[in-house]
Amino acid sequence: MPELPEVETIANNLRNGSGDQPSLIGCEIRRAHLLWERTLAEPTIDEFTKRVVGQVIQAIGRRGKFMYFNLTKDTLLVHLRMSGDVWIEPIIATWGEHYRLMLELSEGMRLVFSDTRKFGRVWLTEKPDLILGHLGPEPLDDAFTVQKLFEGLQRRHRQLKPLLLDQTFIAGLGNIYTDEALHLAGIHPLTISETLTIEQAERLWFSIRNVLQAGIQRNGTSIDWVYRGGDYQNYLRVYGRAGEPCKECGTPIERMLVGQRGTHFCPQCQLNPSYQD
DNA sequence: CACGAGACCTGTTCGC
DNA sequence: TGCGAACAGGTCTCGT
């Protein structure tokens, strides 16, 4: 499920509480229950259990597509990859078939990491920067300017679609929001980065921030069984709409493979200046 | 450096 | 209806 807006939504709900769910801030971790070993990237399960128990959750946030929990001593990092989800619920004797990690908390609640496809990972570390340090800029930060984006585009010679998915270039974009941003900007996914004009870079900058902010405002995108609660899927311009008319010009949306990812675009609104076809 | 293919996994949908 | 192929919000690693 998880791109920046979905991770942001989950992290916000855990931090602030939502509906009947309390905030996790101030909760102490009492027990750890790992149900799929490979979910834990580091440290070993023995050391994880020994270290995590007794620590208190002091802050919760997001960096790129990572969720972080600042504990008394360590940082707990969670990456949901394709099918992960995190929530809290009362402690009961049973658990769901896709649960991979449960952390029992004070107040009779447990923090659940559920992940059908088992791609998700959890780290417990004193030095989160070793894992987060390679990430590119946060697209919604003030520090992420048109000029920064333009310089980055100039420095590389890459197709835009895979470049925008590259987390060292910008942190947080995934397949959905990349396609959405490129369509909003009116730029073809195969355009070579260094050929963008400053005007195009500005439109791309605006579009990236616009679709991410809209996604957050709508609590993320809910497709299939994976992530629920958001409704940005009702506002998608191109993703998952192959064959349907472009909302700008009526031309059927096309789908192609770019770097093995389904890529959706309007052949009319997103002309490719690098090729003629 | 840039790119494609294959791995890692399970579940749903599509096409014949 | 049934069965295999294609596909899915991600990223890593290897070969060219």
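Residue numbering restarts at 1 for every chain, and letters A, B, ... go by the order of the sequence lines.
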Please give the distance between the P atoms of dC1(B) and dG10(C) as a whole number of Å.
24 Å
Return yes if a side-chain donor-acceptor contact under 3.5 Å exists between Asp115(A) and Ser83(A), otherwise no.
yes
Salt-bridge present (Glu89(A), Arg110(A); N to O < 4.0 Å)
yes
If I pick the C1' atom on dC8(B) and the same atom on dC3(C), what distance separates them, to the nearest angstrom?
25 Å
Take atom NE2 of His264(A) and atom P of dC7(C), then tell me their distance rounded to the nearest Å.
11 Å
Quick tally for nucleotides 9-15 of chain B: nucleotides whose base has a protein heavy atom under 4.0 Å get B, sugar-phosphate-only ones S, the rest -, giving BBS----
Rounded to whole angstrom units, what separation is found between the CG atom of Asp166(A) and the P atom of dT13(C)?
14 Å
Between dC7(C) atom P and Ile223(A) atom CD1, what is the distance in whole Å?
16 Å
Check the distance between dT11(C)'s P and Lys161(A)'s NZ and give it to me in whole angstrom.
13 Å
Send over the distance from Leu257(A) CG to dA8(C) P, rounded to a whole Å.
8 Å
Looking only at side-chain N and O atoms, does Asn13(A) offer a donor or acceptor that is under 3.5 Å from a partner on Gln21(A)?
no
Gap in Å between the two P atoms, one belonging to dA5(B) and one to dA6(C), rounded:
14 Å
What I want to check is whether the side chains of Tyr239(A) and Thr178(A) have a donor and an acceptor closer together than 3.5 Å.
no
Glu138(A) pairs by salt bridge (charged side-chain N to carboxylate O under 4.0 Å, His left out) with which of Lys148(A), Arg62(A), Lys65(A)?
Arg62(A)
Any Gln260(A) side-chain N or O less than 4.0 Å from OP1/OP2 of dG6(B):
no
Below 30° counts as parallel, above 60° as perpendicular, anything between as tilted: where do the rings of Trp87(A) and Tyr99(A) land?
perpendicular
For Ile176(A) and dG10(C), give me the distance from atom CD1 to atom C1', rounded to whole Å.
12 Å
Gap separating the CG atom of Leu236(A) from the CD atom of Glu180(A), nearest 0.5 angstrom
4.5 Å
Starting at the 5' end of DNA chain B, what dot-bracket string do you get if Watson-Crick and G-U pairs under 3.5 Å are bracketed, crossing pairs use [ ], other-strand pairs use | and unpaired bases use dots?
.|||||||.|||||||
Between P on dG10(C) and NE2 on His134(A), what's the gap in Å once rounded to a whole number?
14 Å
Is the shortest side-chain N/O distance from His79(A) to OP1 or OP2 of dG10(C) below 4.0 Å?
no
Rounded to whole angstrom units, what separation is found between the CG atom of Asn175(A) and the C1' atom of dC7(C)?
12 Å
Using a 6.0 Å cut-off, check whether atom CD of Glu202(A) has over 12 heavy atoms from anything other than its own residue.
no
Report the distance from atom SG of Cys266(A) to atom CZ of Arg237(A), rounding to the nearest 0.5 Å.
10.0 Å
